[in-house]
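Heads up: the structure comes next, in structure tokens.
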2 protein chains.
Amino acid sequence: MVSRAESAAATRRAVLDAAAELLDEGGPDAVTLRDVSARAGVSRGAPYGHFADKDSLLAAVATEDWERFSDEIATLRGTPAAKLRGALTALVSIGRHHPHRYRQMLGPPAGEDPAQMVAASCRAQEEFLALVSQVVDKQDVHRYGGLLFTGVSGIINAELSGHFTTGKWRTSADELVDTLVTLIAHVQPSDHMAGGSSPAR
Amino acid sequence: MVSRAESAAATRRAVLDAAAELLDEGGPDAVTLRDVSARAGVSRGAPYGHFADKDSLLAAVATEDWERFSDEIATLRGTPAAKLRGALTALVSIGRHHPHRYRQMLGPPAGEDPAQMVAASCRAQEEFLALVSQVVDKQDVHRYGGLLFTGVSGIINAELSGHFTTGKWRTSADELVDTLVTLIAHVQPSDHMAGGSSPAR
DNA sequence: CCCACTCGGATGACGTCGTCATCTGTATGA
DNA sequence: TCATACAGATGACGACGTCATCCGAGTGGG
């Protein structure tokens with residue numbers, strides 16, 4: 001026998017999974033609440049018992065993806081440098097295997113309660129910065145950590161948009177990521193330029 | 001008296017402008033062909049005489065934005081380093097003044113004829129690489145050029161998503177751009193990147 | 001053991017959207 | 001002058017997000 005709460009949780013899970021699947025298959029426009037419901041085996045109105053609207057459902061998918069990513073990079077083992085590269089590889093991997101969910105993760109927090117998605121991405125940032133702090137000098141952690149993460153995300157985005165196959169960059173995402181990591185790993189705090197104004201908040 | 005071709009071109013222009021406006025104001029979901037038509041002062045079906053579908057219209061807007069950006073960075077004057085900084089500043093400026101159009105530009109080429117948007121972004125890449133080639137060694141142009149452009153675009157995207165105000169990165173987009181430019185081009189950071197370049201349109 | 005209650009889920013409906021088939025009016029060219 | 005072509009207007013259709021309403025099964029008290 002299934003309790004009512006259990007069945008409700010199962011429905012929520014099924015809806016979430018169906019949405020993630022459809023998002024993977026055809027992007028946000030292919031995520032139709034009607035199709036989601038059908039694939040989850042529930043009625044059209046059922047998702048509204050768990051998510052305020054379509055945007056909130058998509059945000060919930062992204063939130064789970066952020067949490068999965070956080071767990072993944074938090075359990076990396078090896079040398080600090082290897083862990084850092086592992087984290088970046090994990091990010092690249094998400095972008096390549098789940099382009100649309102990747103874009104959803106990196107887009108602006110949406111839905112009825114954006115704070116939830118913000119919190120999830122915040123934790124990922126913390127985990128990532130923890131790895132960075134083992135590789136670069138303490139005072140450069142945020143600057144280099146932020147640059148690594150946002151830079152790599154931009155590289156991935158360019159690859160997903162086909163800019164390396166159809167554009168003029170005669171290079172690849174892998175090479176760029178490697179270049180960026182090498183640049184940051186090589187430049188040690190010795191030459192910290194005076195540019196660093198007061199950090200934002 | 002207006003010739004038929006002239007009136008048709010005017011309609012196309014009005015539709016394009018109306019779409020860009022609505023995109024600026026409320027993002028892609030706010031771009032309704034009905035609203036576009038109304039704002040352009042034409043009927044609901046008129047846009048279909050010039051654009052295959054909504055995605056093609058959005059792609060046409062992005063194409064024009066790429067062309068405008070290409071023209072802008074192609075006419076920059078000053079030292080090579082200043083021109084490179086100016087190009088990146090122009091990119092940042094588009095992201096800040098027209099976030100949704102910026103996202104449209106950096107998203108995957110869409111519409112009935114993606115090649116058109118691809119060509120436009122290709123020209124921008126060429127113009128940008130031309131600037132980069134004056135600052136870095138010949139053999140590093142593509143690697144560093146691609147890294148600069150995609151890296152900065154990732155930084156902007158993070159800012160647009162609010163990751164610097166709600167996240168754990170205790171830094172700012174300006175600082176990250178400066179850091180990246182300094183790392184790659186060994187060009188001293190500008191005092192304030194946000195400053196003076198003219199916004200796109 | 002029974003019953004009223006609760007609440008997740010199902011259903012019907014509404015307004016809006018993208019899109020297309022069809023119609024109309026006017027500039028064009030012979 | 002008039003037939004033609006074509007931009008634009010209009011009506012219609014299916015699909016979508018969303019909500020008001022209804023249903024039925026798990027639940028707790030008697």
Side-chain angles (χ1 to χ4, degrees), chain A residues 1-62 100 104 107 110-114, chain B residues 1-62 100 104 107 110-114:
Chain A
M1 178 187 102
V2 287
S3 78
R4 217 142 46 131
E6 279 167 358
S7 131
T11 295
R12 183 189 152 91
R13 181 101 299 279
V15 168
L16 227 25
D17 290 343
E21 280 181 33
L22 288 169
L23 184 55
D24 266 338
E25 294 168 14
D29 289 345
V31 180
T32 289
L33 285 202
R34 284 164 153 85
D35 285 350
V36 168
S37 305
R39 188 170 296 209
V42 296
S43 73
R44 295 193 314 273
Y48 287 95
H50 300 273
F51 307 98
D53 52 23
K54 179 180 171 176
D55 283 342
S56 297
L57 171 58
L58 254 9
V61 171
H100 295 111
Q104 201 68 37
E112 199 191 31
D113 184 16
Chain B
M1 181 185 97
V2 287
S3 78
R4 200 117 75 102
E6 280 167 358
S7 133
T11 294
R12 184 190 152 92
R13 179 83 259 131
V15 168
L16 226 26
D17 290 343
E21 281 180 34
L22 288 168
L23 184 55
D24 266 339
E25 294 168 13
D29 289 345
V31 180
T32 290
L33 284 205
R34 283 164 155 85
D35 285 351
V36 168
S37 305
R39 190 170 295 207
V42 296
S43 73
R44 296 192 314 271
Y48 287 95
H50 301 273
F51 307 98
D53 52 21
K54 178 179 171 177
D55 282 343
S56 297
L57 172 57
L58 255 9
V61 171
H100 295 110
Q104 202 67 38
E112 198 192 30
D113 183 16

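To find a chain, count down the sequence lines: A is the first, B the second, and so on, and within it residues start at 1. Everything numeric in this text was worked out from a predicted model, so none of it was measured.
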Inset, instruction - Please examine the side chains of B:Arg39 and B:Leu22, heavy atoms only from C-beta on, and report whether any two atoms are closer than 4.5 Å. - result: yes
Legend entry - Atom pair distance, as rounded to whole Å: CG in B:Asp29 and C1' in D:dC16: 12 Å
Inset, instruction - Calculate the interatomic distance between B:Lys54 atom NZ and C:dC20 atom P; express it in whole Å. - result: 15 Å
Legend entry - Side chain proximity check, B:Leu33 to B:Leu57, heavy atoms < 4.5 angstrom: yes
Legend entry - Nearest-angstrom distance from the residue atom CZ of B:Arg44 to P of D:dC13: 13 Å
Legend entry - Nucleotide of C:dG8, D:dA7, C:dA10 approaching A:Ser43 most closely (side-chain heavy atoms): C:dA10
Inset, instruction - Using whole Å, report how far OH of A:Tyr48 lies from P of D:dT21. - result: 17 Å
Inset, instruction - Can you tell me the distance, in whole Å, between the NE2 atom of A:His50 and the P atom of D:dC19? - result: 16 Å
Inset, instruction - Calculate the interatomic distance between A:Arg34 atom CZ and C:dA13 atom C1'; express it in whole Å. - result: 11 Å
Inset, instruction - Quickly work out the B:Leu57 CG to C:dC17 P distance and round it to whole Å. - result: 15 Å
Legend entry - Separation of C:dA10 P from A:Leu33 CG (nearest whole Å): 14 Å
Inset, instruction - Would you indicate what A:Gly49 reaches in the nucleic acid, counting non-hydrogen atoms under 4.0 angstrom: base, sugar-phosphate, or nothing? - result: nothing
Legend entry - Separation between CZ of A:Phe51 and CG of A:Asp113, rounded to the nearest 0.5 Å: 12.5 Å
Inset, instruction - Please state whether the phosphate of C:dC17, meaning OP1 or OP2, lies under 4.0 angstrom from any side-chain nitrogen or oxygen of B:Thr32. - result: yes
Inset, instruction - Name the nucleic acid region contacted by A:Val31, choosing base, sugar-phosphate or nothing; use a 4.0 angstrom heavy-atom cut-off, strictly under. - result: sugar-phosphate
Legend entry - CG-NE2 distance between A:Asp29 and A:His100, expressed to the nearest 0.5 angstrom: 9.0 Å
Inset, instruction - Would you please confirm or rule out a distance under 4.0 Å between OP1 or OP2 of C:dG8 and any side-chain N or O of A:Thr11? - result: no
